[in-house]
Number of protein chains: 4
Amino acid sequence: MNKKRAVHASVKDERLVNIRRTQMIRGAVALFKEKGFHRTTTREIAQAAGFSIGTLYEYIRTKEDILYLVCDSIYDQVRERLQGMDLEKGTLESLKLGIAYYFNIMNEMQDEVLVMYQEAKSLSKDALPYVLKKEMEMVGMFETLIRRCIENGELIMDDQHIDLLAHNIFVQGQMWGFRRWALKKNYSIEEYIVLQTNLLFKGIAEFEI
Amino acid sequence: MNKKRAVHASVKDERLVNIRRTQMIRGAVALFKEKGFHRTTTREIAQAAGFSIGTLYEYIRTKEDILYLVCDSIYDQVRERLQGMDLEKGTLESLKLGIAYYFNIMNEMQDEVLVMYQEAKSLSKDALPYVLKKEMEMVGMFETLIRRCIENGELIMDDQHIDLLAHNIFVQGQMWGFRRWALKKNYSIEEYIVLQTNLLFKGIAEFEI
Amino acid sequence: MNKKRAVHASVKDERLVNIRRTQMIRGAVALFKEKGFHRTTTREIAQAAGFSIGTLYEYIRTKEDILYLVCDSIYDQVRERLQGMDLEKGTLESLKLGIAYYFNIMNEMQDEVLVMYQEAKSLSKDALPYVLKKEMEMVGMFETLIRRCIENGELIMDDQHIDLLAHNIFVQGQMWGFRRWALKKNYSIEEYIVLQTNLLFKGIAEFEI
Amino acid sequence: MNKKRAVHASVKDERLVNIRRTQMIRGAVALFKEKGFHRTTTREIAQAAGFSIGTLYEYIRTKEDILYLVCDSIYDQVRERLQGMDLEKGTLESLKLGIAYYFNIMNEMQDEVLVMYQEAKSLSKDALPYVLKKEMEMVGMFETLIRRCIENGELIMDDQHIDLLAHNIFVQGQMWGFRRWALKKNYSIEEYIVLQTNLLFKGIAEFEI
DNA sequence: TATGAATGAGTGTTCATTCAT
DNA sequence: CATGAATGAACACTCATTCAT
């Protein structure tokens, strides 16, 4: 189903490949967070992962593979956590809960999301589609959430509004991470969730006198 | 007021400095757009600007200076264009017009905004604040727009909602640029403006049955 | 008599050492032929030989050992095949036959000879003498062939001419291999043998008017 | 006429390019002679040439370019020196002189020829044809020498013999270089010339009793 | 004996920056 | 002021070799 872009490893033992790659990704995320993909050395990544540069290259082919692996892993983690969301209920209340749930995940995975957000563009034309596809899947989850409300007779909304609304929710989740320098000084994540939910649901009009 | 971070130039003739930097920025934007800051070499920038690498370094100290100059220039352009907005009227209609106006600018300056958006993080800890400050100023313009509505008695909204709403508008403008791969296939900028305005003003509740 | 340079093996079972080394040489020749000694990795050789890199190193000490083994083996094969030559007859006719016989072998072992020819120089100062000695032995066979003619009263020739003539024959055999890009388009091996024999025996003078 | 494969240089000043490349080639030949192309480092070449690794790469694109430049330069030197040969006379005597002349050049350029001889095969499929073409041109000079004798009525010889004879002369010249370990202990270059001329002209038959 | 994961010195190459002209 | 040749630190990546299992 989820066809992945395979990253070649010289080492055969798949269990070991997973272990090493996990170490690698953990180290890489920390470094990318700190200095970005381009300013991070493969040697630094190897060191952060706890093995030699030679070993690193037993598990990847190019530096860019690491970035792909990182992005891929972050998406998987996010998606896995999003599985907890109840997509089926189809009430506005469950939509609100879904949003809150998602925003909380974004808050917890702030660093990872920031990394992926800022570095994904460095992926080659080859790897990019795989990452974008995953993003679309996640946007798709919000679309589903909204559509269920419609099917459930709680909402009437055309496709274009649905699509954009889903995008907005998705971006607002990321926004908490990539604009934290501006947002955090004003509100906590809980407040952020409340405020955004207000704006999303009520709209400006609601604030009219 | 607008204290700029000075970028050192060896050349004294200020008029010349401006000319050369303009050439430099134009070339750099095109290149950054195409391959990003890190994959662009100073030589390429010099060539694109129409002078030698030696000359380039008469007008800057480091490669990062160029990035700062580029970001700075893009912000200036955006702000200059935003001056056309009528901040004073204080009606919801003028807020809508302001949003549309801004979104249109973002559409026209798509490439520049994308560049700045993706590369700004590569700025040194030294230069970043200057850029963030400019961003805050722009968000501030939307805040003003909203506050005028309140002062004008068209709206009642607390500071936190105002602040977040301004951020949302600002991000949604940029979003048209950095998510065009997903948005453009579904709607034109005109449609995007209408849809976003709908969502911003009406909120989800409005779509309730 | 034929003191070989010993190549150390960790494995004791000599029969096994021979088996493994034969596999190894076969694989290595094919690879050297294709990409040369330096561009071939030990891993590739191990794989081509059908065992792991670890096993490879149970039978050699360094990569260069493989080259030595390859050269050694090729020489042995050539010499073995040259045993079929009748060195004793001592007639010009048998000299001609010997040359033809040798050229045919060179034609059949073209690839191997080319490999050895081009890569032997990569042998260490340590191993080179062993290989050169074998080459001298082969040249010596032609010398013997010529000397038998002299002893038989068919020829009068001093040592220097004998020595150089033997070298020429030897080199002309190799030449068919290492200059095939130029020679093959003009003649077949049979023609080559006839032509070279003509030139060797008749000399230019014979073509004088 | 002599279309060369262009090797890219970043530096524009053609005079300087020539100077630097001459330094580079001189250094490279010495190193290749000693340790071969593959075992020689670009850094070593730069150092031997008297400049930094960075500078080296201002005048070439890849390490292989150096090898091409070296081969190219050697051929040019050899050919230039061969211009001194009188190709036109058309007597057997002048053919002998030509051979002697060529052998002497090969003796003097022994090291260079050896290098080119052993390393040319490392040239890419891209560069090889250019080098082979030059070699054919040199063989062609001997062909001309022979053909002139024929035209002059001194010789009757068909095309295949002419071609092979020219090749033989060419290879015997190189042979003095690449088999010096075997030849030098037996004779000087002067003796080598006399002996080879004897064998070439008289042929074995002449030594018959 | 056989395996293959681990190692790290070494390699080709790039590129920001300097400075003599 | 303008130029562009020179520099060398730094980087991604390779591969012969080892050694625990």
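Please read these numbers as outputs of a predicted model, since none were measured by experiment. In what follows, chains are A, B, ... by sequence order, proteins preceding strands, each numbered from 1.
Projected onto DNA chain E by closest heavy-atom contact, D:Ile60 and B:Glu64 fall at different nucleotides, the more 5' of which corresponds to D:Ile60. Each of A:Ile53 and C:Glu58 was assigned the nucleotide of DNA chain E with the nearest heavy atom; the assignment lying further toward the 5' end belongs to C:Glu58.
Ranking F:dT14, E:dT7, F:dA6 by closeness to the D:Val11 side chain, first place goes to F:dA6. Closest approach to the A:Tyr59 side chain among E:dA16, F:dT7, E:dA5 is made by E:dA5 (side chain taken as heavy atoms from C-beta onward). For A:Arg43, the listed nucleotide lying nearest its side chain is F:dC13; candidates were F:dC13, F:dT3, F:dT17. Across E:dT1, F:dA5, F:dA9, the shortest atom-to-atom separation from the side chain of C:Lys12 is found for E:dT1. For C:Ser52, taking side-chain heavy atoms from C-beta onward, the closest of the listed nucleotides E:dT7, E:dG4, F:dC13 is E:dG4. Of the candidate nucleotides F:dC13, F:dC1, E:dG12, F:dC13 has the atom lying nearest to any side-chain atom of A:Thr42.
Backbone-only contact: C:Thr41 has heavy atoms under 4.0 Å from sugar-phosphate atoms and none from a base. Backbone-only contact: A:Thr62 has heavy atoms under 4.0 Å from sugar-phosphate atoms and none from a base.
Rounded to an integer number of Å, the gap from CZ of C:Arg61 to C1' of F:dC19 is 15 Å. The interatomic distance linking A:Asp13 (CG) with F:dT21 (P) rounds to 15 Å, in whole Å. The nearest whole Å value for the distance from the OH atom in A:Tyr57 to the P atom in E:dA5 is 19 Å. The nearest whole Å value for the distance from the NZ atom in C:Lys63 to the P atom in F:dT18 is 15 Å. One atom, CZ of A:Phe51, and another, P of E:dT7, lie 9 Å apart when rounded to the nearest Å. In this structure, A:Ile45 atom CD1 and E:dG8 atom C1' are separated by 17 Å, rounded to whole Å. We find that CG of C:Leu56 is positioned 10 Å from C1' of F:dA16, with the value rounded to whole Å. Regarding C:Gln47, its CD atom lies at a distance of 13 Å from the C1' atom of E:dG4, rounded to whole Å.
Nucleotide E:dT18 has F:dA5 as its partner under the Watson-Crick or G-U criteria, with both atom distances under 3.5 Å.
Side-chain atoms of B:Arg39 come within 3.5 Å of backbone atoms of A:Ser122 as a donor-acceptor pair (strictly under, hydrogens ignored). Side chain of A:Lys63 to main chain of A:Thr40: a donor-acceptor pair is present (N/O by atom type, distance under 3.5 Å, no hydrogens or angles).
In the displayed structure, A:Glu44 atom CD is contacted under 6.0 Å by more than 12 heavy atoms of other residues, nucleotides or ligands.
Figure legend: cation-pi geometry between C:Lys121 and C:Phe37 absent, as NZ or CZ is not positioned both under 6.0 Å from the six-membered ring centre and within 45° of its axis.
D:Arg21 CZ to D:Ile66 CD1: the interatomic distance, rounded to the nearest 0.5 Å, is 10.5 Å. Atom CD1 of B:Ile25 and atom CD of B:Glu112 lie 11.5 Å apart (nearest 0.5 Å).
Within residues 15-40 of chain D, the residues having any heavy atom closer than 4.0 Å to DNA chain F are, in order of number, D:Leu16, D:Arg20.
B:Leu69 has its side chain out of reach of B:Ser73: every pair of non-hydrogen atoms, C-beta onward, lies at least 4.5 Å apart.
Using cut-offs of 30° and 60° for the angle between ring planes, the C:Phe51 and C:Tyr59 rings count as tilted.
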